[in-house]
**Q** 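Got a structure here, written out as structure tokens. Questions coming.
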Amino acid sequence: MIWSKSLVPTLREDPRQAENVSHKILLRAGFVRPLASGLYNYLPFGLKVCQKVTQIIREEMNRIGGQEMHLSALSPRSMWERSGRWNAFGDDMFRLKDRKQQDLALCPTHEEVMALIASKELRSYKELPQIWYQFQTKFRDEPRPRGGVLRTRQFTMKDSYSFDLDYEGLDASFKLHSEAYSRMFSRMGHDFFIVQASGGLMGAGESHEFMVEASSGEDISLVCPECDYRANAEVAEGRPVSSPALDSKKEKIHTPGLKTVEEVSGFLGVKPSQLVKSILFVKDGKPLLVLVRGDYDFSEEKLKRAFGTGLEPAENEDAEKHMGASLGFLGPQGVDIDIYADISLETADIFAAGANEDDYHILGISLSDDANIKEYMDLRTVRAGDGCPNCKGSLQEKRTIELGHIFKLGTKYSEAMGANVLDAEGKEHPIVMGSYGIGVERSMAALIDRYYKNDVMAWPVAVAPYEVQIVSLGENEVSGRFYKELASDGLDVALDDRDMAPGAKFADADLIGIPYRIVVGPRGLKQGKVDIRKLATDETINVAVDDVVTKVSQMISAEKD
RNA sequence: CGGGGAGUAGCGUAGUCCGGUUUAACGCGCCUGCUUUGGGAGCAGGAGAUCGGAGGUUCGAAUCCUCUCUCCCCGACCA
């Protein structure tokens with residue numbers, strides 16, 4: 001790469017719209033340019049990094065027997081209706097009509113398409129297992145794109161799908177992917193860890209996310225410092241912190257207009273943890289009261305899993321009808337609808353709660369005597385300080401970026417699309433599937449977050465846009481010679497031959513982050529020497545002109561192993 | 001969708017409250033010439049903006065009013 005003939009539009013100042021580190025550097029280093037909200041153009045250097053990330057993923061996918069294919073990004077409505085996701089995706093799916101007024105979707109993911117292929121092409125258990133993958137542009141009309149390239153409306157995903165005869169096979173495919181992912185992310189230079197996760201829209205089976213800690217992350221992961229328990233906050237379990245028992249006789253108190261936990265606990269002079277938060281839901285027309293300790297929040301994910309998807313928060317009129325009071329004054333005592341309580345309420349028996357009468361709360365109710373609780377379950381969002389479910393440790397919260405996600409899908413899509421095979425007995429079975437995704441551009445952003453320090457970016461060699469950069473300080477002849485020799489040694493080399501002030505060239509080089517830098521200037525050449533700098537450690541060595549090529553090749557190949 | 005912020009030259013900003021001394025300013029970048037070359041060079045000259053858009057108020061609007069578009073950040077979704 002010869003800089004004077006290339007497009008590397010670096011920016012001296014932070015662009016106005018960029019807030020987090022990766023966004024700033026991607027723009028300033030001329031890797032990407034915004035087109036519209038959540039849409040980016042990838043300029044040569046940005047593409048280069050994405051290609052290196054892609055190639056690492058490809059190699060590791062091939063290593064576990066993955067077969068690369070390329071599916072259509074456009075898909076017909078009928079296909080999505082078979083799985084029920086034409087509706088399930090809602091506004092997140094980009095939809096359009098063709099000239100015949102037929103509905104099409106830009107695929108947000110490809111479970112259906114893959115299952116459809118399987119349904120047409122796979123007949124026998126003898127053909128299983130299979131792993132198919134692709135790199136594909138995904139389209140999702142995100143409610144809020146953010147963080148530059150971290151969450152966009154169009155992005156490249158490596159998505160793979162496994163096809164097995166049974167669940168033991170799925171477990172094996174899942175494990176293969178988990179190992180492949182660990183190898184890929186290690187090779188890229190991520191400090192990742194694996195957390196238990198929720199399947200979301202994809203499915204309900206076991207799922208793991210590959211996370212890196214980052215201040216710009218969108219997820220909260222709960223991590224036990226004393227054992228290996230790691231989980232996304234959506235699904236994390238934990239032991240609730242204890243709460244001092246409420247020492248109070250039963251007493252009804254006038255609390256006009258006070259509805260929230262903060263208002264009520266403040267007014268009554270009790271801790272939030274001594275209050276019962278009661279939320280009324282309606283499912284299929286039936287009321288359902290769920291309780292959590294006042295200092296915790298409900299986990300929507302857990303509610304969904306416990307009670308299904310048709311769960312709607314009650315309107316005020318439902319509350320009047322079933323509880324005899326408005327929202328904000330509900331409590332579990334003396335009502336005969338189904339009541340489910342979070343396990344945080346097992347830490348004590350005496351609480352304060354809504355009185356089931358407008359503008360009144362009640363102190364000193366006993367959950368065991370006064371409330372008819374059907375079941376205690378895990379319904380709350382676990383938070384830092386809660387006890388680890390596996391050991392005596394207490395959980396910590398970390399803000400994380402989700403690099404990849406692996407799911408056990410089961411037969412949801414194979415059944416929907418009719419993907420069946422015959423087993424050894426000639427009996428037909430739906431194929432057991434898994435699905436596994438990695439966001440390519442996001443990995444690039446996470447690496448910037450990780451490796452940008454003190455105004456210098458230093459890409460890991462494995463994913464750097466180029467491996468070594470020659471900064472020519474008016475010495476283009478010698479520099480050109482190094483360039484040719486390094487390139488013919490098989491190195492990915494960039495040559496900054498621009499006629500600019502040295503400071504400006506160094507500043508650009510710091511921004512771009514090519515991990516090794518050869519500085520060729522008149523000062524060094526007078527002694528027959530040039531400098532080789534390793535950006536990651538900020539070490540510079542002074543080498544004789546004749547040794548430069550071998551030395552640099554050595555340093556880089558050492559790092560590749 | 002709810003809450004917050006911002007749109008002025010390629011980029012970053014000032015000016016906006018309190019209309020007119022503004023032919024819209026400054027830094028960087030860009031073009032020409034000469035000089036310079038180990039951490040964002042110097043001098044001289046030059047190009048570049050219908051101040052996000054539409055309407056209105058006014059003798060006069062970047063500045064006031066109305067509507068509208070876009071972008072960013074914080075929350076509900078996901079690679």
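When reading the values below, keep in mind they use all heavy atoms of this one structure, side chains included, and skip hydrogens, waters and symmetry mates. Residue numbers start from 1 in every chain, and the chains themselves are labelled A, B, ... in the order their sequence lines are given, proteins ahead of strands. Because the structure is a prediction, the values reported are computed rather than measured.
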**Q** Is A:Arg442 close enough to B:C78 that one of its side-chain N or O atoms is under 4.0 Å from OP1 or OP2 there?
**A** no
**Q** For B:C77, does either OP1 or OP2 sit under 4.0 Å from a side-chain N or O belonging to A:Arg144?
**A** no
**Q** What's A:Arg517 touching, base or sugar-phosphate or nothing? Going by heavy atoms closer than 4.0 Å.
**A** base
**Q** Please tell me whether A:Gln154 and A:Thr152 have a donor and an acceptor in their side chains that are separated by less than 3.5 angstrom.
**A** no
**Q** Any idea which of B:A79, B:C71, B:G7 is nearest the A:Gln17 side chain?
**A** B:C71
**Q** Which nucleotide wins on minimum distance to the side chain of A:His405, given the candidates B:A79, B:A41, B:C73?
**A** B:A79
**Q** Could you tell me if A:Arg85 sits above the aromatic ring of A:Trp80, with its cationic atom closer than 6.0 Å to the ring centre and no more than 45 degrees from the axis?
**A** no
**Q** At under 4.0 Å, does any side-chain N or O of A:Arg16 touch on OP1 or OP2 of B:U70?
**A** no
**Q** Closest approach to the side chain of A:Arg28, judged atom by atom: which nucleotide of B:G40, B:G27, B:A79 is it?
**A** B:G40
**Q** Does NZ or CZ of A:Lys277 fall inside the cone over A:Tyr296's six-membered ring, less than 6.0 Å from its centre and within 45° of the axis?
**A** no
**Q** Taking for each residue the nucleotide of RNA chain B with the nearest heavy atom, is it A:Leu150 or A:Leu511 whose nucleotide lies nearer the 5' end?
**A** A:Leu511
**Q** Do A:Phe94 and A:Arg140 come close enough that some side-chain heavy atom pair is under 4.5 Å?
**A** no
**Q** Once you round it to whole Å, what is the distance between P of B:C78 and CD of A:Glu142?
**A** 9 Å
**Q** Does A:Ser443 place a side-chain N or O at less than 4.0 Å from the phosphate oxygens OP1/OP2 of B:A79?
**A** no
**Q** Using the aromatic ring of A:Phe155 (for Trp, its six-membered ring), decide whether it stacks on the base of B:A79 within the limits of 5.5 Å and 30°.
**A** yes
